[in-house]
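Fair warning: this is a prediction, and the values are worked out from it, not measured in the lab.
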Amino acid sequence: MKRLLPILLIVLLVSSCKSKKNYTSQKKQTHTIKVNTSTEPSKEAESIVKTAKTFNGTRYKYGGTTKRGMDCSGLVYTSFGNHDITVPRTTKDLSSYGDWVDIKQVNVGDLVFFATKKNSRKVNHVGIVTNVRTGNVEFIHASSSKGVMISSLAEKYWYFAFVQARRIL
């Protein structure tokens, strides 16, 4: 038994080392968006995006349209409204306003729509495209958890939630 004990300990140590899993965090999975980057955004679109960015960090408030609190469609409504462009107030109404645009042709100032509820393709969230570059589309929106922020369509969550893009300008 004395001779078997050291061997048994070595076997236990070796087998326990093999069974350990690597729990290091993995990099977020990202997706590539094929977009046409040759079209320059209009000055008006850039100005609207600049206005939207002034709300970055504003807390989320359902129905809000000010720096005290804002929801996603309120950000669109206010940003366009500050440039004397009247748009619908709700995400549902915005989702059928303007012209449908293929994601490959999206440009700064276009609206991107998402269905964020599980097992639903019904649009319930909107953002304004802020930047278009090879493989990526960034947009500003009012997140119910983090307030007004810039996100990317390359992020797994937004990639799979994306429904459509529309152009107002």
Side-chain angles (χ1 to χ4, degrees), residues 23 25-35 41-42 44-169:
Y23 290 106
S25 62
Q26 294 179 356
K27 191 176 180 183
K28 274 187 182 177
Q29 183 182 354
T30 59
H31 299 273
T32 302
I33 313 297
K34 294 180 182 176
V35 289
S42 70
E44 189 173 36
E46 287 180 334
S47 185
I48 289 167
V49 167
K50 188 176 180 181
T51 298
K53 286 180 176 180
T54 65
F55 294 101
N56 202 9
T58 300
R59 73 180 183 92
Y60 179 86
K61 181 180 180 192
Y62 182 78
T65 57
T66 68
K67 288 224 180 210
R68 293 188 65 201
M70 183 164 286
D71 66 10
C72 62
S73 58
L75 176 64
V76 173
Y77 180 80
T78 302
S79 299
F80 279 82
N82 284 353
H83 294 274
D84 297 322
I85 300 170
T86 304
V87 297
R89 173 61 185 88
T90 66
T91 300
K92 180 184 176 193
D93 291 340
L94 282 166
S95 70
S96 59
Y97 190 77
D99 299 316
W100 181 89
V101 180
D102 188 293
I103 191 62
K104 295 173 186 168
Q105 300 301 319
V106 79
N107 207 340
V108 172
D110 290 344
L111 303 182
V112 283
F113 294 88
F114 304 91
T116 62
K117 289 193 172 128
K118 196 172 185 172
N119 300 323
S120 173
R121 296 305 294 160
K122 184 179 174 187
V123 169
N124 66 343
H125 192 68
V126 63
I128 304 171
V129 174
T130 58
N131 189 17
V132 177
R133 62 181 194 273
T134 305
N136 195 13
V137 173
E138 293 175 346
F139 60 98
I140 190 165
H141 62 113
S143 159
S144 58
S145 60
K146 296 183 180 178
V148 177
M149 62 186 286
I150 294 176
S151 296
S152 167
L153 266 180
E155 295 170 36
K156 184 179 179 181
Y157 179 81
W158 296 114
Y159 181 84
F160 285 109
F162 176 78
V163 175
Q164 71 169 331
R166 298 193 78 82
R167 182 163 295 149
I168 292 173
L169 303 174

Participant: Checking side-chain polar atoms at under 3.5 Å, does Arg89 have a donor or acceptor matched by the opposite partner on Ser73?
Facilitator: yes
Participant: For the CZ atom of Phe114 and the OH atom of Tyr157, what is their distance to the nearest 0.5 Å?
Facilitator: 9.5 Å
Participant: Answer yes or no: does atom OH of Tyr60 have more than 12 heavy-atom neighbours from other residues, nucleotides or ligands under 6.0 Å?
Facilitator: yes
Participant: So which heavy atom on Phe80 is nearest to which on Ile128, and how close?
Facilitator: CE1-CD1, 4.2 Å
Participant: Do Thr78 and Met70 make a side-chain contact, defined as non-hydrogen atoms from C-beta onward lying under 4.5 Å apart?
Facilitator: yes
Participant: What are the two closest non-hydrogen atoms of Gly109 and Val49, and how far apart are they?
Facilitator: N-CG2, 4.0 Å
Participant: Any side-chain heavy-atom pair from Lys92 and Tyr97 closer than 4.5 angstrom?
Facilitator: no
Participant: Using modelled atom types and a 3.5 Å cut-off, is there a donor and acceptor pairing between side-chain atoms of Asp71 and backbone atoms of Gly63?
Facilitator: yes
Participant: For a ring pair (Phe, Tyr, Trp, His ring centres under 6.0 Å) check, start with the C-alpha distance between Phe139 and Phe113, then their side-chain angles and the critical distance, and finish with the verdict.
Facilitator: CA-CA 10 Å; Phe139 60 98; Phe113 294 88; over 10 Å; no
Participant: Whether the side chain of Gln164 engages the backbone of Ser95 through a donor-acceptor N/O pair (distance < 3.5 Å, no angle test) should be reported.
Facilitator: yes
Participant: Decide yes or no for Thr134 and Val35: does some side-chain heavy atom of the first lie under 4.5 Å from some side-chain heavy atom of the second?
Facilitator: no
Participant: Salt-bridge test for Arg167 and Asp110: reply yes if a basic N is under 4.0 Å from a carboxylate O, no otherwise.
Facilitator: yes
Participant: Between Ser120 and Lys117, is there a donor-acceptor pair closer than 3.5 Å when you use the side chain of the first and the backbone of the second?
Facilitator: no
Participant: Evaluate Leu169 against Ile85 for side-chain contact (heavy atoms from CB on, under 4.5 Å), listing each step before the verdict.
Facilitator: CA-CA 9 Å; Leu169 303 174; Ile85 300 170; 3.4 Å; yes
Participant: For Tyr159, check ring pair (Phe, Tyr, Trp, His ring centres under 6.0 Å) against everything at least two apart and list the hits.
Facilitator: His31
Participant: Heavy-atom distance under 4.5 Å between the side chains of Glu138 and Ile150, does that happen here?
Facilitator: yes
Participant: Sub-3.5 Å donor-acceptor pair from the side chain of Gln105 to the main-chain atoms of Asp102, do we have one?
Facilitator: no
Participant: Taking atom CD1 of Ile48 and atom OG of Ser79, what is their separation to the nearest 0.5 Å?
Facilitator: 8.0 Å
Participant: Do Lys67 and Phe55 meet the cation-pi criteria used here (NZ or CZ under 6.0 Å from the six-membered ring centre, within 45° of the axis)?
Facilitator: yes
Participant: Which heavy atom in Met149 sits nearest to a heavy atom in Ser151, and how many Å separate them?
Facilitator: CE-OG, 3.6 Å
Participant: Between Ala115 and Asn124, which heavy-atom pair has the shortest distance, and what is it?
Facilitator: CA-OD1, 3.5 Å
Participant: So do the side chains of Ile103 and Leu153 get within less than 4.5 Å of each other, counting heavy atoms only?
Facilitator: yes
Participant: Side chains of Val129 and Val112: does their closest heavy-atom pair fall under 4.5 Å?
Facilitator: yes
Participant: Is there a side-chain contact (heavy atoms from CB on, under 4.5 Å) between His125 and His141 once you walk through the steps?
Facilitator: CA-CA 8 Å; His125 192 68; His141 62 113; 2.9 Å; yes
Participant: Do you know which two heavy atoms are closest between Val106 and Val132, and how far apart they sit?
Facilitator: O-CG2, 3.8 Å
Participant: Taking C-beta and beyond as the side chain, do Lys53 and Thr130 meet within less than 4.5 Å on heavy atoms?
Facilitator: yes
Participant: Looking at Arg68, I'd like to know if its CZ atom is crowded, meaning that more than 12 non-hydrogen atoms belonging to other residues, nucleotides or ligands lie closer than 6.0 Å.
Facilitator: no
Participant: Under the 3.5 angstrom rule, does the side chain of Thr54 hit a backbone N or O of Thr51 as a donor-acceptor pair?
Facilitator: yes
Participant: I need the minimum non-hydrogen distance between Gly74 and Thr65, along with the two atoms involved.
Facilitator: CA-CG2, 4.0 Å
Participant: Enter the distance from Asn82:CG to Tyr77:OH here, rounded to the nearest 0.5 Å.
Facilitator: 10.5 Å
Participant: Starting at CG of Leu111, measure out to CD1 of Ile168 and round the result to the nearest 0.5 Å.
Facilitator: 4.0 Å
